[in-house]
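Input: a single structure, listed below in structure tokens.
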There are 2 protein chains.
Amino acid sequence: MKPLPRPTESELAILQILWENGPSTVRFVNETLNQEREVGYTTTLKLMQIMAEKGLVLRNTASRTHIYRPAISEPETQRGLLDKFVDTAFRGSAIKLVMQALGPHKASKEELAAIKAMIEAKEKDNQ
Amino acid sequence: MKPLPRPTESELAILQILWENGPSTVRFVNETLNQEREVGYTTTLKLMQIMAEKGLVLRNTASRTHIYRPAISEPETQRGLLDKFVDTAFRGSAIKLVMQALGPHKASKEELAAIKAMIEAKEKDNQ
DNA sequence: GCCTTACTACGAAACTTTTCGTAAATAAAT
DNA sequence: ATTTATTTACGAAAAGTTTCGTAGTAAGGC
């Protein structure tokens, strides 16, 4: 099994709709996309067909209207994209990326506590 | 002044060489790139010319061999790329990105301390 | 049954990014 | 001075991504 390719930006937008809403038709995906910006129906269809070829989505073709679903989870996908991004934009330094990401961001008490907990766990690992 | 466009992946690779080594010639940049993968000299030249047009780099054309330098700092560039990336890959949630990035990463004591300090500073802000 | 609508398949155009070949100019080497 | 090497400029091909038009086929409404 060859590993799945990273999705392109448009493909990612489609995957996000599938992750959020579960297995969906092209029409539903297209209508959801159109809440953001205008996209032709066949444009969405074509993209989803390409994604099926690449293995990024699976589709049930039992009925005439095909049902698409993601072939990979959102966290797995994010991991792949993040690894690439850390390499290209931060020369491999995840820490620098974290600092940059935290910098201007308004975080809630709970979020900060969660990160802190994670860091404290890692500090224990280090010993 | 229009804000500078985000660099593409290849452009980013060139910027990184300039950030790391200071003002450089096309030849130097090309040779550095070639340590990673084979790229033709005119390919690198063309990219750098395009970057100059876009305003991503500045060049000194006083002597025949032009000297290029970045027009924007690495952190500024990273910030722009990160904002876009958080939006597209993490649907705007910087916190999720941070958690993902910290997850598998081996961090040193000092790095963890630095992040922790930043978080504690933010916790104070919140109150 | 017939017409309208909805869906998939396919191909190609449009756009972006990357790659490189060729030509012209300048400098260096012999 | 002539040749050789180095550099920029330019244009266009190649590759990747996104967009959509057209055709064919199945389904639904009348």
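Keep in mind it's a predicted model, so treat the numbers as computed, not measured. Chain identifiers are assigned alphabetically (A, B, ...) following the order of the sequence lines, protein sequences preceding nucleic acid strands; residue numbering begins at 1 within each chain.
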Of dT8(C), dT19(C), dC20(D), the nucleotide closest to the side chain of Ser10(B) is dT19(C)

Send over the distance from His66(B) NE2 to dA25(C) P, rounded to a whole Å. 15 Å

Lys116(B), NZ: over 12 other non-hydrogen atoms inside 6.0 angstrom: yes

Leu47(B) side chain, from C-beta outward: closest of dT8(C), dT18(C), dA25(C): dT18(C)

May I have the distance from Arg27(A) (atom CZ) to dC7(C) (atom P), rounded to whole angstrom? 4 Å

Take the protein atom CD of Glu53(B) and the nucleotide atom P of dT8(D), then report the distance between them rounded to whole Å. 15 Å

Base, sugar-phosphate, or nothing for Gln49(A), non-hydrogen atoms under 4.0 angstrom? base

Please pick, from dT18(D), dT7(D), dT18(C), the nucleotide with the shortest atom-to-atom distance to any side-chain atom of Ile50(B). dT18(C)

Return yes when atom NZ of Lys54(A) has more than 12 non-hydrogen atoms of other residues, nucleotides or ligands closer than 6.0 Å, and no otherwise. yes

Within the structure shown, what part of the strands sits under 4.0 Å from Arg6(B) by heavy-atom distance: base, sugar-phosphate, or nothing? nothing

So, does Thr8(A) get its side chain near the phosphate of dT18(D), meaning an N or O under 4.0 Å from OP1 or OP2? yes

Side chain of Lys46(A) (C-beta onward), nearest among dA12(C), dT18(D), dA26(D): dA12(C)

I'd like to know whether Glu74(B) forms a side chain to side chain donor-acceptor pair (under 3.5 Å) with Thr77(B), so could you lay out the CA-CA distance, the side-chain angles of the two residues, the decisive distance to 0.1 Å, and finally the verdict. CA-CA 5 Å; Glu74(B) 182 166 23; Thr77(B) 305; over 6 Å; no

Quick one: the side chain of Arg64(B) and the base of dT6(D), do they pair up donor-acceptor inside 3.5 Å? yes

To the nearest Å, give me how far apart CD (Glu9(B)) and P (dA15(D)) are. 18 Å

Counting the atoms with a prime plus P, OP1 and OP2 as sugar-phosphate, which does Thr43(B) contact under 4.0 Å by heavy atoms, base, sugar-phosphate, or nothing? base

Considering only dC20(D), dC7(C), dG21(C), which nucleotide approaches the side chain of Thr42(A) most closely? dC20(D)

Supply the atom-to-atom distance Glu20(B) CD to Thr32(B) OG1, rounded to the nearest 0.5 angstrom. 8.5 Å

Could you tell me whether Asp83(B) and Arg79(B) have a side-chain N and a carboxylate O separated by less than 4.0 Å? yes

Of Lys54(B) and Thr44(B), whose closest DNA chain C nucleotide lies nearer the 5' terminus? Lys54(B)

Which nucleotide in the list dT8(D), dA6(C), dT8(C) gets nearest to the side chain of Val26(A)? dT8(C)

CE of Met48(B) versus C1' of dT7(D): gap in Å, rounded? 13 Å

Could you state the atom-to-atom distance from OH of Tyr41(B) to P of dC20(C) in whole Å? 15 Å

Separation of Ile67(B) atom CD1 from dT7(D) atom P, in whole Å? 10 Å

Interatomic distance, Ile14(B) CD1 vs dT19(C) P [rounded to whole Å]: 9 Å

